[in-house]
Chemist: 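Submitted below is the structure of interest, expressed as structure tokens.
Throughout, protein chains are lettered first and strands after them, A, B, ... in sequence-line order, and every chain is numbered starting at 1. All values below were derived from every heavy atom in this structure, side-chain atoms included, with hydrogens, water molecules and symmetry-related copies excluded.
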Number of protein chains: 2
Amino acid sequence: MADLARVAGVSKITISRALSDSPLVNRDTRERLQALAHELGYKLNVSARNLRLRRSHTVAVIVEMKPSHDRTMLDPYPLILLGGISQELTEHGYSVLLTTRQGATAAAVQAADGLILLGQGSRQDAVRRFDKLGLPMVVWGAPGDEHIVVGSDNRQGGRVVAEHFIRLGRRNPVFVGNPNHPEIFERLNGFVDALAAHGIKPLLIRRDEFTLASGGDAMHSLMDRGVPFDAVFACSDLLAMGAIRALNTLGRTVPGDVSVVGYDDMPLAASFLPPLSSVRQDWQEGGTLLARKVLALIGDEPEQSETLPVELIVRET
Amino acid sequence: MADLARVAGVSKITISRALSDSPLVNRDTRERLQALAHELGYKLNVSARNLRLRRSHTVAVIVEMKPSHDRTMLDPYPLILLGGISQELTEHGYSVLLTTRQGATAAAVQAADGLILLGQGSRQDAVRRFDKLGLPMVVWGAPGDEHIVVGSDNRQGGRVVAEHFIRLGRRNPVFVGNPNHPEIFERLNGFVDALAAHGIKPLLIRRDEFTLASGGDAMHSLMDRGVPFDAVFACSDLLAMGAIRALNTLGRTVPGDVSVVGYDDMPLAASFLPPLSSVRQDWQEGGTLLARKVLALIGDEPEQSETLPVELIVRET
DNA sequence: GGATGCCGTGCGACCGCTCACAAGACATTG
DNA sequence: CAATGTCTTGTGAGCGGTCGCACGGCATCC
């Protein structure tokens, strides 16, 4: 910058002002200096500016990346969140620093202006760990009192499925999933409450893995125990698909004998045989919202948790 | 750090050295200062260090994130790459700065010590754009002369499928995919070459989208044209699944009448009905390799392109 | 005419860290 | 005893920006 100043015949500070479009410098000078900087291929030193301004224009996104550990970062859908976040932050001149929980001790994270936590659903302790960094922070998941949380309305998700089953005349619904996970616990709650209004109490089959095998396994154990059931609410599409396959093998038809609803509405759900009914969340919007709230917090504006509506996509199952 | 130094009764530089485990300071002093720093909750100012050291310990990963634009960042599998990259970089004290091509002009990218490009397969021009940053750079994709590239052996991928078809006695194979994409072009080449050794010339059905619908559509157009075929090599699992569904609808059995092989071996492939044969790439290893090579380049060590072997998983189709 | 104001620009300091270099304490050597 | 070396610590500078404050030039006002 000193070089540039010498070439242009002005002082460093004028360059600095010109490049940041400050109205303090004369319009003509400003444009001349900007053109010159561009021409000479001048690149601002970000580290220097970060040091002086005491901010980094960076938001750290901390994800759970351990494979096969309830919902992992490698699931495609949570990743659309990342897309939404990235887009929104980029638009506002911020960068995304991607880390795992393990890597979050790395130096660069501490330099971030804000924090977004994804997929930490079942680990409130992990979330709390980041409190002490004292950074503006927004969390994806089920709302709680401790943090600013953005998430889908999982309770509504459970409710709409319950109402769907009621409408179909189902009387013995089953819930398959892991209620330790706060988001799924909410789905279960919504499901149970809405059914209770009709005097129905669903059966809970606890399954921690979100896999086809796990869904199939759940159906087998149900049949083995001889429990009567005519509807399955699986808290992921893969579980639902696994369940349907298993039911067919076991000689029960879907949706004839049993109705099945999944969660997330993954692209394949529509072309599954039979096409899978599923609850859709707006991940993209969620990401945008997460980003917007961190930015607001960074700008010292007050913010609050927010819940996004979900939509039941009724197909054949 | 000055404060810390005052409290500890030493100079700034001794603190600095102690915290970076420099052997220059006495072992006891070092441990005492480290303990003190930890106790007082001292956090190194990363921006200051970056400025002084003229490096950021950050690698920018540039992905293609536009939805529905050949392979997008939102496909799950390319994302395992990101997992591998992240893990390897974190282990070496580096951070991942995630950006899209659009966001890559943002200040922070220029501060990165290195660059990894993902999913820019069909846009060599885009890749070239980053050359002028003059940063150590590694690209995922098909090998070329211009850059250091890490990628799967797509040619081998095509070859093993060809050999598989030959072994099954198929004489009229079809390739479905987008040959404009360099990686897929390689698959096609390997496929064509291996078949040529047996005097067979496959048919190419050009499809740009990697969707079920597109796969089905390809089969319909084949049947409409009355072209005889007994094997389909689809360059993605979704295309393959769509093709199988369509073939069934059209009254042709898989694998009775037609053999089908997909690509990527996504988790659902194994539980598809019938279980899908597919070519598997080692994404995780690819990510690790990408990261390792950037780090080497950053450390001024010479590096070269590398190709990873693929594996044909033969299932029922 | 001098006081007052605005506009555009520049000087010097400083953000927090680490480098080159120096220097004191002590042991070793001839 | 001085010369030399090793070990440990400190001094001052500077990485490349931006902030507070000051300054000169010109128009405006009474």
Chemist: Please report the distance, rounded to the nearest Å, between CG in A:N50 and C1' in D:dC15.
Modeler: 14 Å

Chemist: Please determine whether a side-chain nitrogen or oxygen atom of A:S16 lies at a distance below 4.0 Å from atom OP1 or OP2 of D:dG17.
Modeler: no

Chemist: For the side chain of B:V10, counting heavy atoms from C-beta on, which of D:dC15, D:dG10, D:dG17 is nearest?
Modeler: D:dG10

Chemist: Taking OP1 and OP2 of C:dG16, is either one under 4.0 Å from a side-chain nitrogen or oxygen of B:S47?
Modeler: no

Chemist: Give every pair of a protein N or O atom and an N or O atom of nucleotides 25-28 of chain C that lie under 3.5 Å apart, one pair per line with the distance.
Modeler:
none

Chemist: Rounded to the nearest 0.5 Å, what separates atom CG in B:N154 from atom CD in B:Q281?
Modeler: 6.0 Å

Chemist: Under 4.0 Å, heavy atom to any atom of DNA chain C: which of residues 32-42 of chain A qualify?
Modeler: none

Chemist: Are A:N26 and C:dG8 close enough that a side-chain N or O sits under 4.0 Å from OP1 or OP2?
Modeler: yes

Chemist: Side-chain N or O of B:T29 versus OP1/OP2 of D:dT9: is the shortest distance under 4.0 Å?
Modeler: yes

Chemist: Is A:D3 salt-bridged to A:R6, going by a charged N under 4.0 Å from an acidic O?
Modeler: yes

Chemist: Taking only N/O atoms, report every protein-nucleotides 19-23 of chain C pair under 3.5 Å with atom names and distance.
Modeler:
from: C:dC19; atom 1: O4'; to: B:R52; atom 2: NH2; distance (Å): 3.3

Chemist: From the options D:dT9, C:dT18, D:dT18, select the nucleotide whose nearest atom is closest to the side chain of B:L44.
Modeler: C:dT18

